[in-house]
Structure formats: structure tokens, C-alpha cells
Trainee: 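Just dropping this structure here.
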Amino acid sequence: MDYNFKAIEKKWQKQWVDNKTYKVEIDNNRPKYYVLDMFPYPSGAGLHVGHPLGYIASDIYSRFKRLNGFNVLHPMGYDAYGLPAEQFAIQTGQHPAITTEKNLNRYREQLDKIGFCYDWDREIRTCEPDYYKWTQWAFTEMFNHYYNNKTQKAESIDSLIKEFEANGTQNIDASETEALSFTADEWKAKSDKEQQEVLLNYRLAYLADTMVNWCPALGTVLANDEVKDGLSERGGHPVEQKLMRQWLLRVSAYSERLLQGLNDVDWTDSLKEMQRNWIGKSEGAEMKFKVKDSDVVMDIFTTRADTVFGVTFMVLAPESDLTSQLTTPEQKDAVDAYIKATAKRTERERQAEVDKVTGVFSGSYAINPLNGEEIPIWVGDYVLAGYGTGAVMAVPGHDTRDFKFARQFNLPIVQVVIPEGEEATDTATWDDSKDSKAGTMVNSDFLNGLSVPEAIAKTKTHIKEQGVGDVKINYRLRDAIFSRQRYWGEPFPVYYKDGMPQMVDAADLPMQLPEVDKFLPTEDGEPPLGRAKNWVYKDAYPLELNTMPGFAGSSAYYLRYMDPKNDTALVGKEANEYWQDVDLYIGGTEHATGHLIYSRFWNKFLFDTGNVIKDEPYKKLINQGMIQGRSNFVYRINGTNKFVSLNLKDEYETTALHVDVNIVHNDVLDTEKFRNWNPEYKDAEFVLEEDDKYICGWAVEKMSKSMFNVVNPDDIVEDYGADTLRLYEMFLGPLEQSKPWNTNGIDGVHKFLRKAWRLFFDAEGNVNISDEKATKDELKTLHKTIKKISDDIGHFSFNTCVSAFMICVNELTEQKCNKREILEGLTTLLAPFAPHISEELWSTLGHSTSVCDAAWPVFEPSHLVEANFSYPVSFNGKMRFKLEMPVDASKEQIEEAVKTHESAQKWLEGKSIRKMIIVPKKIINVVVG
RNA sequence: GCUCGAGUGGUGGAAUUGGUAGACACGCAAGACUUAAAAUCUUGUGUCCAUUAGGACGUGCGGGUUCAAGUCCCGCCUCGAGUACCA
């Protein structure tokens, strides 16, 4: 019987479904292991060959853990809400639910063909009411909690209200939008509406007027991580700044814990680094600058408190509240014009024109709290409203941006730090500021002569004593804007009473997404939900018109897999206590600052409120590399329909054209298919190589339809089978490395499977397995492989596993080995990688149960013990010959053997041995001279 | 600009702790089988010199440490990813 992969794969995929082979339940007799893939957004294009890379790796690992006695949870689902389906709905009128369902079924079909061990009974879809009920529930919980900085955890808003009633804000240290201060009596005197407004200042899910990334083309607001280079991540449309009333999640409250938590997880350093940069902790001082002839006090944040004597002007962000307050009547027109001009610039323009220095004088002066000097206050858009206090003290001598601003507007520059190994110089001669932190203070009163770090510490103490400032820690991490002006997302469980938001009753969850006649904003610019009929609560109160963003549904999905059918909790206690957290999470690096921050935040909140038992959700995380496309080109002779092969193209004037990689094999074009590929090429003529082949050029590019380099896994499965696809994806290279997809070379792994198959059958195709005892060599081959595969899976080095299998099968073929003892071990080792063929061979070996439930072979070191070792003998570091010696030979014996060895004589001739280095079972190096 | 990662044959890659560089494949070449093709099998395949035996060179570049460097150290170059007025 030949290796008929089509029949085998069909057969076992059916058996797995029929026998529920991959169904998982809580089992207190076995240790748990949770392997999670980042679930996909099912796009209309379907899976290409790059998508399953991570899924295959996690599948291999899951099967490996199962064979080692673990109860493995390995689920899959869909991130089903999203913009593409809605954009498609706008264009075609097709309901996004229909598009999504269709795409999702297509994904499932493609995934099923690859033979994954997912427990599909646990599938979740973020757009299903049963699921998003818990997204909405978590939101209401966040609304009902605030973050207590003293206890460093979320606490109920009721306890905050009690504290307000008893003591006002006096003892409160909470995460807040702005600092508030009132007494208990003042609190009680507030109207209900006023109290609600105050509480929004503390809630973890809150409504606020905020500057947002507004994308006019998509008609919605975007989160910071959804904006790349000033363009929307999806679609690449321009994004501008706009003030809007929006829901936000107070992610910033968790900044420190999100940062500290990184120390406890096993992620790559680069990913942790990305998160650390995104959280952006900086330690510095907040200082108060009084404004001349005014009650206003400017708070500024600085990490360079030491340079306070070098401050020659102040700069406010155009969006700052203080800007209008501090603008004098004479300067009002100029400042207004400036604010207008900067507001019009999109985020992208601002970034593109980083070097363009703009600003305007406000007319006011601030007073330096340390030396009493009057310094002008300017407005400039290089200061960001969203970071620190939206105002800076400018030290042009020692800050590049301040320096440029000072030069642009002829503001004074004072040197207060002399960098190491330099002298004080005239600042007028400078081309750049001196930002270095290594240096000595000058022109700085009581700081003179100190080093920069000493001066920073001393200034901090000083300003604290003088009451003009305090030590302060700042984070770059912003609260997450949680409203989207779109249709295809989770509706908020929110209604409005007197214009104030209220949560709908828990019993009324889920709030189902209503039907609308069109998926566009209303005529008066309300989001699409404004079109829904009866979109009111309890027949009286209008419901929220925004929907939740993409990351809402993905923030706690890993918890739902633990207990997907539970209708009383997101995850039940028993399930959560058994499965606990994700042991291995595999996915793309593109979620480094979005999903992986939000999800950790969400989890920490659920942890604080006692809903889950783990503070961090993902113990170990691996980023699989991106699979790039490998494009092929044909060369058309200009002005003709004649195509010239790669090596001859320089003899002509040609244009390179992309050609579908699926009609090219090993860079050789199938000219017949090419003529049929595109009507334009029906009559194409070819200038061929000497061997009558048309060779294509190639390049590595993004995998996309327009490059004609998309390879569909279905086609590979059709031609070679799923097991070959799985092995080949792993064989391509290290999991974490990005690499181009190239179908060339797939024959190699396919041949390997056929060769492995032939070990079980004789030349006539009959099963031929021997029960004889295995020879020493056969056992050595098997156990060498057991060790290699076990070690390499442990390191997630799957590419080297495939090589090891090839070596193993090559050796067994050479040994003509058909011993059951050996073949059983090999089949089990191979099962995680190539499950279909392994099941078939396992049953050929006479087993009636699935190979998934076999036991991982035990490595027995004694089989690898050798009597002799073949030493490479080097002279002055260059290997010259091999010397076979018993492993227990003494150094003296070895030395003697080397000296007398025939091949050694020519290297020793006329030279003396200075030294001989002998590393047992490694190498011999003779130093001669 | 800053941070991180990577540069090894014609190609993908291997070398896990400093110890035989190029495992395993693809491709290519020659051969066997075949009427032929496919499939399969055998042999060869880093570069250069040499008929052979053999030798020299060789892991982006330049230095260094070491008996020994793809691997460690210093200085560069190139590519990729992330990030960017963060005070």
C-alpha cells in the first residue's frame, strides 16, 4: 500500500470528530496545561499559508504535552467584530453578521483541513450575545469600581461614596482624571447629577471630554495603538485630533502594576521592552511656577530638575486649559490663530514636520521659584497636552527641542551643565544643546560644582522643603478610549438619565445589538445605532449609541474558554481554579502594545474584584515570525508580448511583471498555465534558456493579492497533504524568525513521510513489521532521536526536530529496520508533528486507541554509550585527521597515540610539540612551533 | 534619533556550554531502472589551486582575547522590527 495521504487524512479527521478525541474536561487526576493561540479575525481573504504557522507550533506543543500526561486545554475561536465586515456592509448593504458568518465558516473549513487538536466544543465568537454579555458585564463592573492608590487595587465605588460622605476627599488617594478637593458637607450639598459627574472622575470605566484620534474616513475614533504613523492601522486613512465626549478605561491606574508584572512572566525581552516603552515610566519632579500678576500656578513635570537655573522660558501645549487663561488681550488674536492652525494639522502632518518649529508668545510671564526670575510663557505644539501637565520649563542649553525653539524665536540660552571633559563656552556659538547627563553644574547657585545626578537629588529635596514642588513619577501610558462610532461592535450596557450615564440592570444583560436600516451615521452625525428603532431602556431612557472597540472582546477571551457555557459567570470558580492561566500563548508581535496591555489590565481588574485567581494571564508567550511573500517575475520585452527568461533578460529592454507564484515551480514558469492565467498573455511568446526552461526572477515582499504571491494552505493540503504542510511550515526555519514562504523544498519533507511510511511495508506494499529484538544500532538511532526531539520541543525548536526525524528515518532505512520496538517509538515521536500518518501507522502497528493517548517514549542514555570516540586531531587549531580512541583512554595514552600516528608526522616534522590540549570526548589540539 | 533582533554555500537553514563550520533539505550535475516520462535509487556538490594525493582560503567589515572564535570583547557597515517632539 502506498502512502495515500488524502484517504488517511480524511479518515482520521472523521475519527477524531466521531470519537471526540480532542474534547477536554476538568480532570483533577492530571496536571493541566493551557495552550492558547491568538484567535483570528476572519477576513474575507481566508487563511494564507502564513497564518497557520503559530497554530501548527502550538498544536505540536499541545499534543506533546498530552503525550506526556498533561490534561491540555487547546481551544480556538474568532475575534468576530471588526471594521472590514462593516466597511463591506456599507458598500454592499450585506449585514456584517452574514459576512462574518461566511468568513468564519471558511476559516473553520481551512483550519479543519490542517488537523488541529482544538476542542471545538469550546469555540467562542466575540459577536455572540452569550459571549459579549460578559464583555458588557466586565464594563459595568469597571464603571462600579475605582482605583485606590493606597491599597493598589480596584475597590467599589460605593466605598468611595461612603468616604466622601464621611470625610470628603481629605483621605482619598485614587486614580483620577483631575485632582478634586471637597469636604463631606460640600459633597452632601451636591445635586445627584453633580455627584454623578464627580464620580466619573474616579470610575475605572468613565465618560469624559477628551482629545481623540478621529478618523474621518472611517467615521470613528481610534485608540493610540490603532494609529500607526498618523494613519489608521486598518485602511491607512488620515487621523486628526478632536475633542469628544467618550468612554474611557482607566488603564493608567494600573501602569505600575502592568510594569512590575512583566518581571514575573516568561516573555521575550524584546516584547517586554516594547511594553515597558509603551508604559513609559519616568521619575522626575513636579514644580510650581507662579504666574506674574495672576493667581494661576503652572505645574510642570521635569526629569531634569537640576537644570532649573537654566530655564529661560515656559511652553504650554496649545490644547492646555491654561493657554487661554494666560493669554493677554494683546496676544489673543495671535494665540487664537495659532491654536486654530495647529488643530487643523493632522497627526501625520505634525509628525512629518517635526523639524518645523512653530509657536507664539502668550503675553504672560512666569516666575522661577528658585531664583525669582521672570520668564516669558510661550505656546508651542511641540509640547503635548496629553503628557505630564501639558506644560514644560524650557532649558534650551540642555534640551534639543527647547534649543531649536529658542533659536527660532531668539530666546536666551544659559549654560548650567559643563559636560565631562569640556569647558564653559559662549552659548551663542553652539550648534546644538548639551543634553548629556554626565557633567558638572554651573550658574546654578547652590548646585554649582555638583554632578548632574547629585544636583537632581538636591533640587528635589530643596523644592520639597520650599513647598514649590514634589517628587513625581509619570507614565506615558494613556487611558484607553473605549467608544467607537460604529455599528459592528458590542453595544454598551449604558442608558442616560438626565444626561448622566447609568448601567442597565445585570438581569438585562446582554444588551443585544439592534438592527439598523443602514450601517452609516445618521443625518445629524450620530453613530449608526442612532438609526435603531426603540433603542431606549425601560421605554424611557435613551441608550448609548457608541459601540465598543475591537479589543473589548479579546481582552478576557482566554478566561471564557475555561468555561464557555457558563451562564452565571464569565468563568466559574471550579474551572478557573483548575485551568488558572495560559501556560503558553502563541501569536504575532503586532499585539505587543494593544491587546497584550488591555488584556493584562482587564485581567488585573478581574483579579482585584475576586473574579479570577491569577494576576497575570499569560505565563509564557512566544511571537511567531511573519511569513512574507516570495514573488516571482517574468520579463516582458518592451512593446511586445514576448517574455524573456531571467538569465537572458539583460540582452533586451524589459519590464518585470509579477506572475502568480502558483504557476511557477522552483522558479520555472509553467508557460502553458501562464498563457491561460491572464487573457492578455494568451498569445505570449517566450525566449527560453538553453534547456528550454523559462526561469523567473524573485523577490521577498509582503504576502498580498496584488503581488500574486499568496499561497493558500488548501492547495498545499490538496497536493501534498496536511502532514506535509505541518512539517514544512516547521522546517522553514526557527519559529520566531520572519521568513519568506517558498514552496520550493516542500518535496523534501513529503519524501521524508513516504520514506517513513515504507519502513512499515515491504516491496509489495504489505505490512511487514518484525517482533524481533532491536539491534544496538537501531536502539541508538531511536534513543538519539527521542532525546533530540524531547529537548528541541522544549526549546520550541521545531525546525531542527524535522531534520532529526529525517536523520532517524534515513538511518533506519539504511539499517533496514522494521522492528516494532523501534517503529512504535518513532510513531509516537512523530505524532505531534504529523498526526494523520501517525494515527494510521499506529493502527497498522495493531493499536485500537488513538496515538494521541500513547505515552511519550522514555530516553534511555545507556543506548548511546560508545566504547570508542573518534577524536578530531588539530594542529594549531586546524583539523587534520581523525583518531579513534577508547573513551576511557588516559591523556598519556592519547598523547602517545597522536605522536606516533602516521598522519601526524608531516605536521610534526622539524617542529616541537609545545603543548597538547586534550578535551575528553571532544577534541585534541596539538600546538607546534 | 533611540531600543531590540539579524547578517553562515546557488537557496532555506544547522552548529543548545568557545572545541571537526556548512547537519538536514531544496536546487544543480552525473549515473541506474524505464520504449519514454513520472516515481525511486546511487554518487557528487562552499570557493580557489591541483590529474590525483593534497593544499590554501572561508561564517557582513576591521581589530583583539584564546591552544582553539560563527560563538566572547572593542570599533564599524548593511538589513529587518518597534518607537518617536514623552520634557
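This structure is a prediction, so every number in the text was calculated from the model and none was measured.
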Trainee: Looking at B:G55, B:C24, B:G19, which one has an atom nearest to any side-chain atom of A:Arg880?
Mentor: B:G55
Trainee: Tell me which nucleotide among B:C85, B:C28, B:C4 gets nearest to the side chain of A:Ser270.
Mentor: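 In terms of side-chain proximity for A:Ser270, the closest of B:C85, B:C28, B:C4 is B:C4.
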Trainee: How close or far is atom P of B:C24 from atom NZ of A:Lys755, stated in whole angstroms?
Mentor: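 Roughly 11 Å, once rounded to whole Å.
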Trainee: Base, sugar-phosphate alone, or nothing: which one does A:Arg754 contact when heavy atoms must sit under 4.0 Å apart?
Mentor: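 Here A:Arg754 touches the backbone only, sparing every base.
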Trainee: Taking a pair as Watson-Crick or G-U wobble with both distances under 3.5 Å, which nucleotide is matched to B:A87?
Mentor: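 None - no nucleotide pairs with B:A87, as no candidate has both distances under 3.5 Å.
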Trainee: If I take atom CD1 in residue A:Ile807 and atom C1' in nucleotide B:A15, what distance separates them, rounded to the nearest angstrom?
Mentor: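 Computing the A:Ile807:CD1 to B:A15:C1' distance gives 12 Å.
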Trainee: A:Arg630 near the nucleic acid: base, sugar-phosphate alone, or nothing, with a heavy-atom cut-off under 4.0 Å?
Mentor: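 The residue A:Arg630 makes no contact with any strand.
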Trainee: Can you tell me the Watson-Crick or wobble partner of B:A15, both distances under 3.5 angstrom?
Mentor: none
Trainee: What is the distance, rounded to the nearest whole Å, between atom CG of A:Asp306 and atom P of B:A87?
Mentor: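 Between P of B:A87 and CG of A:Asp306: 13 Å.
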Trainee: Watson-Crick or G-U wobble partner for B:A21, using a 3.5 Å limit on both distances?
Mentor: none
Trainee: At under 4.0 Å between heavy atoms, what does A:Gln737 touch on the DNA or RNA strands: base, sugar-phosphate, or nothing?
Mentor: sugar-phosphate
Trainee: With heavy atoms under 4.0 Å as the rule, sort A:Pro740 into base, sugar-phosphate or nothing.
Mentor: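 Touches nothing.
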Trainee: Please give the nucleotide sitting opposite B:G7 as a Watson-Crick or G-U wobble pair, both distances under 3.5 Å, or none.
Mentor: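 Pairing partner, where one exists within any strand: B:C77.
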Trainee: Return the value, rounded to whole Å, for the distance between atom NE2 of A:His750 and atom P of B:G12.
Mentor: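 Taking atom P of B:G12 as the reference, NE2 of A:His750 is at 24 Å.
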Trainee: Looking at B:C24, B:U16, B:U3, which one has an atom nearest to any side-chain atom of A:Glu273?
Mentor: B:U3
Trainee: Could A:Lys921 and A:Phe869 be counted as a cation-pi pair, given that NZ or CZ must be under 6.0 Å from the ring centre and within 45° of the axis?
Mentor: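 No, a cation-pi geometry is absent between A:Lys921 and A:Phe869.
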Trainee: With sugar-phosphate meaning primed atoms plus P, OP1 and OP2, does A:Asn810 contact a base, only sugar-phosphate, or nothing at under 4.0 Å between heavy atoms?
Mentor: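 Result for A:Asn810 = sugar-phosphate.
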Trainee: May I ask you to verify if any side-chain N or O of A:Lys739 is less than 4.0 angstrom from the OP1 or OP2 atom of B:G12?
Mentor: no
Trainee: Could you let me know what B:G70 is paired to, Watson-Crick or G-U wobble, both distances under 3.5 Å, or none if it's on its own?
Mentor: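 Its partner is none (no Watson-Crick or G-U wobble pair with both distances under 3.5 Å).
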Trainee: For A:Gly280 and for A:Asn744, locate the closest nucleotide of RNA chain B by heavy-atom distance; then report the residue assigned to the nucleotide nearer the 5' terminus.
Mentor: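 Its nucleotide being nearer the 5' end, the pick is A:Asn744.
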Trainee: Let's see if you can work this out: which of B:A87, B:C4, B:A25 has an atom nearest to the side-chain heavy atoms of A:Thr303?
Mentor: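 Taking heavy atoms from C-beta onward, the closest nucleotide is B:A87.
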Trainee: How about A:Glu319 and A:Thr323: do any of their side-chain heavy atoms sit closer than 4.5 Å?
Mentor: no
Trainee: Quantified in whole Å, what is the C1' atom distance between nucleotide B:A39 and nucleotide B:A6?
Mentor: 40 Å
Trainee: In Watson-Crick or G-U wobble terms, both distances under 3.5 Å, what is the partner of B:A50?
Mentor: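 WC or wobble partner does not exist here.
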Trainee: Indicate, with a heavy-atom threshold strictly under 4.0 Å, whether A:Val919 touches base, sugar-phosphate, or nothing.
Mentor: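 Base contact.
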Trainee: Which part of the nucleic acid does A:Ile917 contact within heavy-atom distance under 4.0 Å: base, sugar-phosphate only, or nothing?
Mentor: base
Trainee: Counting only Watson-Crick or G-U wobble pairs whose two distances fall under 3.5 Å, which nucleotide matches B:A29?
Mentor: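 B:A29 is paired with B:U43.
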Trainee: Which sits closer to the 5' end of RNA chain B, A:Ser797 or A:Val802, going by the nucleotide each is nearest to?
Mentor: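 Result of the comparison: A:Ser797.
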Trainee: In the strands shown, is B:U65 matched to any nucleotide by a Watson-Crick or G-U wobble pair with both distances under 3.5 Å, and which?
Mentor: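 Across any shown strand, B:U65 pairs with none.
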Trainee: Once you apply a heavy-atom cut-off of 4.0 Å, does A:Asn925 come out as touching a base, just sugar-phosphate, or nothing?
Mentor: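 The answer is base, as A:Asn925 lies within the cut-off (heavy atoms under 4.0 Å) of a base atom.
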Trainee: Determine the contact category for A:Arg758: base if any of its heavy atoms lies under 4.0 Å from a base atom, sugar-phosphate if only primed atoms, P, OP1 or OP2 are that close, otherwise nothing.
Mentor: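 Counting heavy atoms under 4.0 Å across all strands, the contact made by A:Arg758 is with sugar-phosphate only.
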Trainee: Mark yes or no for whether A:Asn632, through its side chain, and A:Gly697, through its backbone, hold a donor-acceptor pair below 3.5 Å.
Mentor: yes
Trainee: Under the criterion side chain to side chain contact (heavy atoms under 4.5 Å, CB included), which of A:Ile463, A:Thr389, A:Ile300, A:Val471 is the partner of A:Glu286?
Mentor: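 With A:Glu286 as partner, A:Ile463, A:Thr389, A:Ile300, A:Val471 yield a single side chain to side chain contact (heavy atoms under 4.5 Å, CB included), made by A:Thr389.
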Trainee: Locate the shortest heavy-atom distance separating A:Val315 from A:Ala394; write the atom from each residue and the value.
Mentor: CG2-CB, 4.3 Å
Trainee: Have a look at A:Phe752 and say if it touches a base, only the backbone sugar-phosphate, or nothing, with a 4.0 Å heavy-atom cut-off.
Mentor: nothing
Trainee: Can you tell me how far P of B:A87 sits from CZ of A:Arg304, to the nearest Å?
Mentor: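 In whole Å, B:A87 P lies 11 Å from A:Arg304 CZ.
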Trainee: Between B:A87, B:U40, B:A14, spot the one nearest the side chain of A:Lys751, thanks.
Mentor: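 When the side chain of A:Lys751 is considered, B:U40 is the closest of B:A87, B:U40, B:A14.
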Trainee: Take atom CG of A:Leu727 and atom P of B:G13, then tell me their distance rounded to the nearest Å.
Mentor: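 It works out to 17 Å between those atoms.
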Trainee: How would you label the contact of A:Lys882 with the nucleic acid (heavy atoms, under 4.0 Å): base, sugar-phosphate, or nothing?
Mentor: base
Trainee: Hey, is A:Asp747 close enough to A:Lys751 for a salt bridge, meaning N to O under 4.0 Å?
Mentor: no
Trainee: Categorize A:Trp267 for me: base, sugar-phosphate, or nothing, with a 4.0 angstrom heavy-atom threshold over every strand shown.
Mentor: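 Counting heavy atoms under 4.0 Å across all strands, no contact is made by A:Trp267.
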Trainee: Among A:Phe752, A:Trp757, A:Phe760, A:Tyr720, which residue meets the ring-ring contact (aromatic ring centres under 6.0 Å, His included) test with A:Tyr3?
Mentor: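 So the option named by the test is A:Trp757.
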Trainee: How many Å lie between CG on A:Leu271 and C1' on B:U83, as a whole number?
Mentor: 14 Å
Trainee: Looking at the base of B:U16, is there any donor atom on it, or on the side chain of A:Lys788, that sits under 3.5 Å from an acceptor on the other one?
Mentor: yes
Trainee: Which part of the nucleic acid, if any, lies within reach of A:Asp402 when heavy atoms closer than 4.0 Å are counted: base, sugar-phosphate only, or nothing?
Mentor: nothing
Trainee: Considering the options A:Leu727, A:Asp792, A:Leu830, which one meets the side chain to side chain contact (heavy atoms under 4.5 Å, CB included) requirement together with A:Cys801?
Mentor: A:Asp792
Trainee: Rounded to whole angstrom, note down the P distance from B:C76 over to B:C4.
Mentor: 15 Å
Trainee: Classify the ring geometry between A:Tyr728 and A:Phe731 as parallel (under 30°), tilted (30 to 60°) or perpendicular (over 60°).
Mentor: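 If you compare the ring of A:Tyr728 with that of A:Phe731, the planes turn out tilted.
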Trainee: Nearest to the A:Thr800 side chain among B:C26, B:C4, B:A15, which nucleotide is it?
Mentor: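 Minimum distance to the A:Thr800 side chain belongs to B:A15.
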Trainee: Looking only at the side chain of A:Trp278 (C-beta and beyond, no hydrogens), which of the listed nucleotides B:U83, B:G55, B:C85 gets closest?
Mentor: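 Nearest listed nucleotide: B:U83.
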